Amino acid sequence: MVIVMAPGATADNIDALVELVTSAGGEAYVTRGVSRTIIGLVGDVERFQDLGLAAKPGVSDVLRISAPYKLVSRENHDSRTVVSVRGVPIGGDNMTVIAGPCAVETPEQTLEAARMARAAGAALLRGGAYKPRTSPYAFQGLGEEGLKILADVREKTGLPIVTEVVDAADVELVASYADMLQVGTRNMQNFALLQAVGDAGKPVLLKRGMSATIEEWLMAAEYIAQRGNLDIVLCERGIRTFEKATRNTLDISAVPVAQNLTHLPVIVDPSHSGGKRDLVLPLSRAAIAIGADGVIVDVHPSPETALCDGPQALLEEDLAELRDLSATLATLSGRTLT
Ligand code: E4P
Ligand code: PEP
């Protein structure tokens, strides 16, 4: 950590800071420049955070140098984490496709969507039973009935299930059916929910908040990790920008940036990013080519009647292309399609 002193800072201001830092068990190294003085701090950064340094007289800025997240940082973790979802690996040398309906609507629709997911090369089935909707009048999901449908489809197809939980109070129930718990974009900073999924003993898919920085996203993952759960997969799903041609702007650069900062796998959701069917395959191609650990896509047997996000669901005729491009590009980037 570095304290940058204001141009008019006095020797007393500097001495007071050195005294404060050393009394907190740290070391302070003062470097006097022509117009500015900086003080380099060595020691327990979390402890320095509590000293209120930025508000002390003569201080212009306090800069943190090490990452504020510890458990999910690559700094303290040499190998890349491979998350196993009922035996299906995500991360490492694997490329994993997750596919399924945006929302679970009926047993028939979910089973058919699972068949489509398989045809698209998916190893995991996605599907929401609890839907976070902008409008309180929109379809909110089937709740536990939807979870039962998912469990039944898992039984019939062997595909492990990834499903969203939107409320900390539901985590135990959702975890009793799900193989992986999803925390959606709208809940990325719902800290009570993050702690509850961290305690649930299931792998977690953590989507990036639509207005969150990468650091905020990793801090959200840190909340889960802090509960002893490092089985976390990060998902870039597009961010809010001024651009209206897409539902969200896929921040493709977030994939290598996050992969450099954390040991956790990073996947991409091209469906919620683009919001339009014809963008899903090009965005998937970009995601896999840039080295994402997987993609999660919406498929639906009849998108025109879908209760949620029909326009972004892939159709039957798109599935073989997704499977082929995933297999080909995964191989080119040194990965194996799981
Ligand atoms: C689906 O997965 C989300 O619930 C959906 O994208 C929410 O968006 P909307 O409620 O604005 O349609
Ligand atoms: C979803 O995947 O069902 C979903 C709600 O996505 P997001 O949180 O990215 O909007």
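Reckoned from all heavy atoms, side chains included, excluding hydrogens, waters and symmetry mates. One-based numbering, in listed order, for ligands and for the atoms of each. Computed from a prediction, not measured in an experiment: that's the story for all the values here.
By the 4.0 Å heavy-atom criterion, P132 is counted among the residues contacting ligand 1. Distances shorter than 4.0 angstrom do not occur between any heavy atom of M210 and any atom of ligand 2. For the ligand labelled ligand 1, residue R186 lies inside the 4.0 Å heavy-atom shell. Remark: distances from the non-hydrogen atoms of A138 to ligand 1 are all 4.0 Å or more.
The residue R126 has no part lying near ligand 1, judged by heavy-atom distances below 4.0 Å.
R237 NH2, 2.9 Å is the protein heavy atom nearest to atom 10 (O) of ligand 2. The single protein non-hydrogen atom nearest to atom 4 (C) of ligand 2 is H272 NE2, 3.4 Å, given as residue, atom name and distance. The protein non-hydrogen atom at the shortest distance from atom 6 (O) of ligand 1 is R247 NH2, 2.7 Å. In this structure, the protein non-hydrogen atom closest to atom 1 (C) of ligand 1 is D309 OD2, 3.0 Å. Among all non-hydrogen protein atoms, the one lying nearest atom 8 (O) of ligand 2 is T185 N, 2.8 Å. The protein atom (non-hydrogen) at minimum distance from atom 6 (O) of ligand 2 is K207 NZ, 3.0 Å. Atom 9 (P) of ligand 1 has T134 OG1, 3.4 Å as its closest protein atom, hydrogens excluded (heavy atom only).
In this structure, D231 does not pair ionically with K202, as no charged nitrogen and carboxylate oxygen lie closer than 4.0 Å.
In terms of polar-atom proximity, defined here as any N/O pair under 3.5 Å, R133 does make such a contact with ligand 1.
The side-chain hydrogen bond (donor to acceptor under 3.5 Å, both in side chains) test applied to R237 returns N248, not counting sequence neighbours.
Comparing R247, E164, R126 by heavy-atom distance to atom 2 (O) of ligand 2, the nearest is R126.
For the 3.5 Å distance criterion, the side chains of R247 and Q312 qualify, holding a donor opposite an acceptor.
Near Q182, with a cut-off below 4.0 Å to any heavy atom, the atoms of ligand 2 are 1 (C), 2 (O), 3 (O), 4 (C).
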